[in-house]
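Working notes for the structure below.
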Amino acid sequence: MSSFQPGPAVPALLLAAAALLVTPTTSRAHALLAKYHVLPGRKVQVDCRFDDDTACPEARVKVLRADGTTLVEGTANSRGVFVFTFQQPENLVLDVRHPGHRVNPSPRIRAEELMPSYADHVRCAFIACLPPPTSPLTAALLFGGYAEGDRRETTNEDVEPLKDGGREAPVGRLLLGVGLLLGLAVTFLLLQHVRAWRAGRSKASPGR
């Protein structure tokens, strides 16, 4: 009675099947991906990850302008995150690499996507230049005193010497400035009135 003995082709087939099962999984685990998010304050966050959703630390990120020049470049942190700041809205290209890997195609950021963040930054910068609505200046002009939000407990170190006959110096200076403005306005109106009166007299004088 003859017994079956596996030939050398059987182990080879098993090894080939195992290679087919392992190879796609390995290649998928090393595919590099990158996504970006536009943040307030003229900032963009780039998330570098493998396609199995694991972070890709030390990924090299280079931000290129439309003409190919480099805006900024750097390395992602331990969470695979890289944040950069742009000066103005413009078309940008992200070149993201890791040893042996590269994001392809390179993500592109349109200038229109950066415009809201840029406009918000300009608006906040403009508002920061204005005095707050509860500032002493606003309160002194409208109510003749300090704003309610600026009242606090004072110590001897906080008290400044009083000037202008006992009035607090800041308020006295503000009232003086308002008085000067009102004086200039009254003087201007008086001059306009005198000019009109003289013009009326000059028209009446030729008849004499």
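Looking at His121, its side chain never comes within 3.5 Å of a backbone N or O of Ala119 through a donor-acceptor pair.
Other residues, nucleotides and ligands contribute only 12 or fewer heavy atoms inside 6.0 Å of the OH atom of Tyr118.
Between Leu94 and Val46 there is a side-chain heavy-atom pair separated by less than 4.5 Å.
Distance check, rounded to the nearest 0.5 Å: CG of Asn104 to CZ of Arg97 gives 9.5 Å. Here Leu32 contributes atom CG and Phe50 contributes atom CZ; the two are 6.0 Å apart, rounded to the nearest 0.5 Å. Atom-to-atom distance recorded for Tyr36:OH and Glu113:CD is 3.5 Å, nearest 0.5 angstrom.
The side chain to side chain donor-acceptor pair (under 3.5 Å) test applied to Glu58 returns no partner, not counting sequence neighbours.
Considering every non-hydrogen atom in both Glu90 and Leu114, the closest pair reads O-CD1, 3.5 Å. Taking each heavy atom of Leu33 and Val103 in turn, the nearest pair found is C-CG2, 3.9 Å. Nearest heavy atoms, Ser117 versus Arg42: OG-N, 2.9 Å. Contact between Ser78 and Ala55 at its shortest, heavy atoms only, is O-CB, 4.3 Å. Shown here for Thr85 and Lys43, the closest heavy-atom pair between the two residues is OG1-NZ, 3.0 Å. Between Asn91 and Ala111, the shortest heavy-atom distance links the atoms OD1-N, 3.0 Å.
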Please set out all donor-acceptor pairs under 3.5 angstrom arising from side-chain atoms of residues 64-73, sequence neighbours excluded.
from	atom 1	to	atom 2	distance (Å)
Arg65	NH1	Thr69	OG1	3.3
Arg65	NH1	Thr70	O	3.4
Asp67	OD1	Thr69	N	3.1
Asp67	OD1	Thr69	OG1	2.7

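Val61 and Phe84 fall within a single hydrophobic cluster, where Ile, Leu, Val, Met, Phe, Trp and Tyr side chains are chained together by heavy-atom contacts under 4.5 Å.
The other residues sharing a hydrophobic cluster with Val83 are Val81, where clustering joins ILVMFWY side chains under 4.5 Å apart.
The only member of Asp52, Asp53, Asp47 that meets side chain to side chain donor-acceptor pair (under 3.5 Å) when paired with Arg49 is Asp53.
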inquiry  = Please evaluate residues Thr75 and Arg60 with respect to the criterion side-chain hydrogen bond (donor to acceptor under 3.5 Å, both in side chains), reporting the C-alpha separation (whole Å), side-chain torsions for both, the decisive distance (0.1 Å), and the verdict.
reply    = CA-CA 5 Å; Thr75 305; Arg60 191 71 181 174; 2.9 Å; yes
